[in-house]
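Quick note: residue numbers are just sequence positions, from 1.
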Amino acid sequence: MSNKKEIVFYNVIKRIFDLIFALVLLFYSFPFLLLFACILWLETAQSPIYSQTRGLVLEKNLFKLYKLRTLKNSNSQQLNSIDIFLKDDLEKYVSSFGKWLRKTGLDELPQLINVLKGEMSIVGPRPFSVSDLEKMKIEQPSYYALRSKLISRPGITGLWQISGDRTKGIENLINLEKYYDVNKNFLLDIKILWITVPIVFFASNSDAILNSKRILGKDFQKIL
């Protein structure tokens with residue numbers, strides 16, 4: 001999107017869509033959220049909803065991201081993993097019900113609150129935790145610098161979230177995020193949402209801990 005008026009129009013309409021979509025989805029999912037929270041409270045013996053400081057980079061727009069708690073252990077130091085994208089070593093801490101939530105991506109439903117607050121969008125780049133961003137900045141400074149140039153709001157779902165390859169690391173992440181940042185439009189957002197739906201229903205979300213496999217849409221396979 002090169003025309004400034006088009007960009008402004010897109011951003012305004014997208015924000016309106018985010019608000020309406022988040023309100024409607026939060027309204028209809030609220031009974032399920034209560035049920036999920038009760039089950040997780042019984043499994044983890046901790047508050048079922050927690051917040052974690054996240055962002056696209058460390059230097060700007062960090063925010064408290066809300067998630068359903070799927071890990072049993074509350075020791076954040078013990079739960080830190082060396083790898084940013086593949087954290088299989090933490091699988092032993094995931095509760096039974098939490099595994100299903102992570103595979104469907106429904107553990108991220110509370111992020112609809114972040115969308116309403118204007119900190120996130122429904123579709124956009126993936127926000128990472130402070131510890132992951134620190135590793136990214138130290139280990140891959142050139143890619144980190146490219147990420148700092150992204151102008152899109154972080155998203156609950158996005159191009160990398162639905163079609164990225166975690167085994168390819170940060171290069172794959174940045175390539176897909178840059179593609180979205182440059183080429184974002186209503187049609188691309190709709191395509192991403194369209195592919196997100198079966199990922200949720202068939203529990204094929206790509207998760208850092210469980211790393212579930214999924215079937216990619218043909219259009220996005222061409223981009224990879």
Under 4.5 Å between any side-chain heavy atoms of [X] and [Y], yes or no?
X: V94; Y: L90; result: no
X: Y143; Y: M136; result: no
X: L58; Y: V130; result: yes
X: N205; Y: L106; result: no
X: D189; Y: Y10; result: yes

> Looking at R54 and E119, does any basic side-chain N land under 4.0 Å from a carboxylate oxygen?
Replying inline: no

>> Can you tell whether the side chains of E43 and K99 come within less than 4.0 Å, N to carboxylate O?
In response: no

From [X] atom [atom1] to [Y] atom [atom2], the distance as rounded to the nearest 0.5 Å:
X: L33; Y: L26; atom1: CG; atom2: CG; value: 6.5 Å
X: L133; Y: Y144; atom1: CG; atom2: OH; value: 5.5 Å
X: Q111; Y: L68; atom1: CD; atom2: CG; value: 9.5 Å
X: K137; Y: R147; atom1: NZ; atom2: CZ; value: 13.5 Å
X: L56; Y: R126; atom1: CG; atom2: CZ; value: 11.0 Å
X: L173; Y: Q161; atom1: CG; atom2: CD; value: 8.5 Å

If you compare all heavy atoms of [X] against all heavy atoms of [Y], which two are closest, and at what distance to 0.1 Å?
X: G55; Y: F63; value: CA-CE2, 4.2 Å
X: A37; Y: P48; value: O-CB, 3.3 Å
X: S152; Y: P125; value: CB-CD, 3.7 Å
X: G164; Y: N172; value: CA-OD1, 3.3 Å
X: N185; Y: L188; value: OD1-N, 2.8 Å

> What residues join L42 in its hydrophobic cluster, counting side-chain heavy atom gaps under 4.5 Å, either direct or through other members?
Replying inline: W41

>> Through direct or indirect side-chain contacts below 4.5 angstrom among Ile, Leu, Val, Met, Phe, Trp and Tyr, which residues connect to F30?
In response: L34

> Do the side-chain N and O atoms of R69 and T44 include a donor-acceptor pair separated by under 3.5 angstrom?
Replying inline: no

> Are K64 and T53 linked by a side-chain donor-acceptor pair shorter than 3.5 Å?
Replying inline: yes

Side-chain ([X]) to main-chain ([Y]) donor-acceptor, under 3.5 angstrom:
X: Q140; Y: G169; result: no
X: K60; Y: S148; result: yes
X: D181; Y: E177; result: no
X: K184; Y: V123; result: no
X: Q46; Y: K72; result: yes
X: N114; Y: Y66; result: yes
X: R102; Y: D107; result: no
X: S163; Y: W160; result: no
X: S95; Y: G98; result: yes

> So I49 and L40, side chain to side chain contact (heavy atoms under 4.5 Å, CB included) or not? Walk me through it.
Replying inline: CA-CA 9 Å; I49 296 179; L40 292 172; over 6 Å; no

Do [X] and [Y] land in one hydrophobic cluster if side-chain heavy atoms of ILVMFWY residues count as linked below 4.5 Å?
X: F202; Y: I162; answer: no
X: I156; Y: W194; answer: no
X: I174; Y: L150; answer: no
X: F32; Y: V115; answer: yes
X: I122; Y: F9; answer: yes

>> My understanding is that only residues two or more places apart in sequence, or in another chain, count here; which of them pass salt bridge (Lys or Arg N to Asp or Glu O under 4.0 Å) with D18?
In response: none

> Are D88 and I209 close enough, and set up right, to give a side chain to side chain contact (heavy atoms under 4.5 Å, CB included), and what steps lead you there?
Replying inline: CA-CA 5 Å; D88 301 9; I209 297 176; over 6 Å; no

>> Let's go through V8 and N11 carefully: what are the C-alpha distance in whole Å and the side-chain angles of both, what is the deciding distance for side chain to side chain contact (heavy atoms under 4.5 Å, CB included) to 0.1 Å, and is it a yes or a no?
In response: CA-CA 5 Å; V8 171; N11 289 334; 5.8 Å; no

> Among all residues two or more places apart in sequence or in another chain, which pass the ring pair (Phe, Tyr, Trp, His ring centres under 6.0 Å) test with F97?
Replying inline: F36, W100

> Where does the angle between the aromatic ring planes of F128 and F85 fall among parallel (under 30°), tilted (30 to 60°) and perpendicular (over 60°)?
Replying inline: perpendicular

> What residues form a side chain to side chain donor-acceptor pair (under 3.5 Å) with T196, not counting sequence neighbours?
Replying inline: T157

> Who are the side chain to side chain donor-acceptor pair (under 3.5 Å) partners of S129, not counting sequence neighbours?
Replying inline: S131, D132

>> Is it true that, when you exclude F186 itself, more than 12 heavy atoms of the residues, nucleotides or ligands shown sit nearer than 6.0 Å to its CZ?
In response: yes

> Can Y180 and I192 be said to form a side chain to side chain contact (heavy atoms under 4.5 Å, CB included), step by step?
Replying inline: CA-CA 10 Å; Y180 177 79; I192 291 171; 4.0 Å; yes

